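Heads up, the thing below is written out as structure tokens.
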Amino acid sequence: MKKMFINGEWLEASSGETREIINPYNQEVIATVTEGNEQDARFAIAAAREAFDNKEWAFIPASERSKFVHSIADLIKRDHAQLAELESLDTGKTVEESRGDMDDIAGVFRYFAEIADKDGGDIIDSPIPHSTSRVVHEPVGVCGQITPWNYPLLQASWKLAPALAAGNTLVMKPSEITPLTSVKIFELMEEAGIPAGVVNLVLGSGNTVGAELAANDNVDLISFTGGIETGKKIMQAASSNVKNLALELGGKNPNIVFADADFDTAVDQAMNAVFFHAGQICSAGTRLIVEESIHDDFVHALVKRVSNIKLGSGFDPSTQMGPLISAEHVTKVCHYVETGKQEGATVAVGGGRPEDPHLQDGFFYLPTVLTNCTTNMRVVQDEGFGPVITVEKFQDEEDAIRLANDSIYGLSGGIFTNDIAKAERCVRKMRMGTVWINDVNLYFPHAPWGGYKQSGIGRELGKTGLEEYQETKHVFQNLKPEPVHWF
Ligand SMILES: NC(=O)c1ccc[n+]([C@@H]2O[C@H](COP(=O)([O-])OP(=O)(O)OC[C@H]3O[C@@H](n4cnc5c(N)ncnc54)[C@H](O)[C@@H]3O)[C@@H](O)[C@H]2O)c1
Ligand SMILES: C[N+](C)(C)CC=O
């Protein structure tokens with residue numbers, strides 16, 4: 001049985017409860033994990049508090065912490081193949097995608113290890129005579145970190161690496177559906193020699209463990225990646241002690257294709273934008289917005305290619321798209337597409353579960369293209385989080401931007417055009433945290449990631465991703481102290 005890691009020890013939940021982890025490809029039980037609750041979360045928070053307040057971690061030189069974080073990257077590289085297979089077993093994504101994730105994850109630890117000791121603070125030119133003024137960055141304290149099921153270890157790495165590099169202690173709660181690679185990374189952090197109490201892992205549900213992390217007054221920062229409704233609850237709970245808050249929430253991401261774009265590239269990338277990991281990506285380009293003059297040809301070419309996408313086991317090298325994460329999620333995607341049909345959308349391809357007898361045990365949904373969509377439809381506004389593209393038409397540049405921005409979300413967007421000036425004009429007006437020109441879904445450790453509007457608060461990755469885990473302190477020193485006789 002997989003256990004939790006608290007204060008340097010592998011423990012079973014205080015309640016003795018367990019949970020079975022299911023392979024979404026065939027519904028087989030792949031692991032049993034201990035199921036923690038609020039009490040276990042409080043125990044872990046107390047360990048992290050003690051390690052932050054009364055032990056050395058927060059005060060060791062950043063160069064020492066950097067070595068620990070480098071070691072974690074080395075261990076991920078060593079166990080790359082095993083980690084990738086475990087991630088695919090747990091999430092259903094193809095092993096090829098998981099291998100790419102593991103490269104990214106090692107890169108994230110490497111990046112934060114490298115920048116950990118590069119910031120010695122700033123000297124301010126003090127306006128007060130005979131004084132010095134400087135700004136230093138310090139760790140925030142105890143961090144609660146809550147992650148989703150779609151990119152379990154990748155989203156964990158975006159939180160663990162900067163938190164450690166900055167000198168914080170932490171308690172992580174992975175998604176209860178996909179905890180396996182998170183357990184493994186805590187084994188690797190133990191092997192890397194991270195001191196007891198600095199990193200703690202509590203397994204369990206959002207309503208118990210997650211809610212405790214968000215509300216507990218001994219937590220100084222809560223970093224959450226997940227859905228918008230959960231994000232709102234966390235924001236509310238975090239107000240109890242005015243925690244620092246980082247929210248990476250959902251997206252309903254437009255992908256604008258102008259008539260002057262390279263046609264074949266734009267068709268190809270419109271598919272990459274949505275069908276990786278069966279559309280279960282926050283930044284999936286689910287809203288395809290195509291210039292009217294090429295709309296019909298574009299849809300025709302897209303549908304032809306989408307109908308050839310091969311579904312199957314993530315472990316079969318010929319598989320292009322795996323299953324959805326759970327039966328509940330299949331029901332949600334079915335409902336989402338039905339809503340679209342009732343609103344007047346046309347199913348150009350897909351629109352249901354596959355009939356292939358080999359796929360009946362898995363949580364599969366066909367890659368789907370919905371045409372005749374307009375911005376006012378729920379199917380265009382709501383995050384379906386499945387392999388479904390809605391297609392809208394636009395007349396001109398202004399129209400394209402109006403449609404693209406007509407969303408409560410603002411996570412990411414794409415533009416396909418060969419007119420660079422037009423692309424730059426659009427970028428300025430697009431209210432999103434990331435905009436790709438002639439590409440989709442690219443992210444790397446050096447560039448910040450996060451959303452405008454209701455897609456979130458704060459940024460992960462990049463220098464800003466480290467700053468999320470730092471407090472800023474101004475230190476002023478009077479070099480000629482003497483009474484001022486004010487009173
Ligand atoms: N912006 C990003 O970078 C990003 C990245 C990945 C996923 N996401 C979003 O994540 C969502 C899919 O993930 P999900 O279904 O796991 O999301 P979710 O909100 O259901 O769950 C996310 C995590 O929150 C926990 N949780 C649930 N209720 C909670 C509560 N009341 N208090 C504290 N924690 C609670 C869950 O147990 C899980 O660990 C999508 O909306 C997707 O867009 C965003
Ligand atoms: C942030 N990202 C794109 C890696 C995963 C979103 O679900």
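Computed from a prediction, not measured in an experiment: that's the story for all the values here. Along the sequence shown, residues are numbered consecutively beginning with 1. Indexing begins at 1, ligand by ligand and atom by atom, following the structure's order.
Residues Lys159 and Thr225 bring a donor and an acceptor atom of their side chains to less than 3.5 Å of each other. Arg99 and His80 form no side-chain donor-acceptor contact under 3.5 Å, judged by distance and modelled atom types alone. Side-chain contact annotation: Asn253 with Ser412, donor-acceptor N/O pair under 3.5 Å present.
Taking a heavy-atom cut-off of under 4.0 Å, ligand 2 is surrounded by Asn150, Tyr151, Leu154, Gln155, Trp158, Ile281, Cys282, Ser283, Tyr443, Trp449. Contact residues for ligand 1 (protein heavy atom closer than 4.0 angstrom to any ligand atom): Ile146, Thr147, Pro148, Trp149, Asn150, Gln155, Lys173, Pro174, Ser175, Glu176, Gly206, Asn207, Gly210, Ala211, Phe224, Thr225, Gly226, Gly227, Thr230, Lys233, Ile234, Glu248, Leu249, Gly250, Cys282, Glu383, Phe385, Leu411, Trp449.
Checked against the 6.0 Å centroid threshold, Trp449 and Phe444 do not count as a close aromatic pair. Taking the six-membered ring for Trp and the full ring otherwise, His70 and Phe109 have centroids separated by 6.0 Å or more.
Not counting sequence neighbours, the partners of Thr417 by the side chain to side chain donor-acceptor pair (under 3.5 Å) test are Asp260.
No salt bridge links Lys93 with Glu96; every basic N to acidic carboxylate O contact stays at or beyond 4.0 Å. Salt-bridge formation is detected for the pair Lys463/Glu467: a Lys NZ or Arg NE/NH1/NH2 atom is positioned less than 4.0 Å from an Asp or Glu carboxylate oxygen.
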Solution key, residues 273-288 side-chain donor-acceptor pairs under 3.5 Å, sequence neighbours excluded:
unit_1 : atom_1 : unit_2 : atom_2 : d
His277 : NE2    : Asn150 : O      : 2.9
Gln280 : OE1    : Ile325 : N      : 3.0
Gln280 : NE2    : His277 : O      : 3.1
Ser283 : OG     : Asn441 : OD1    : 2.6
Arg287 : NE     : Glu392 : OE2    : 3.1
Arg287 : NH1    : Leu403 : O      : 3.1
Arg287 : NH2    : Glu392 : OE1    : 3.3
Arg287 : NH2    : Glu392 : OE2    : 3.2
Arg287 : NH2    : Leu403 : O      : 2.9

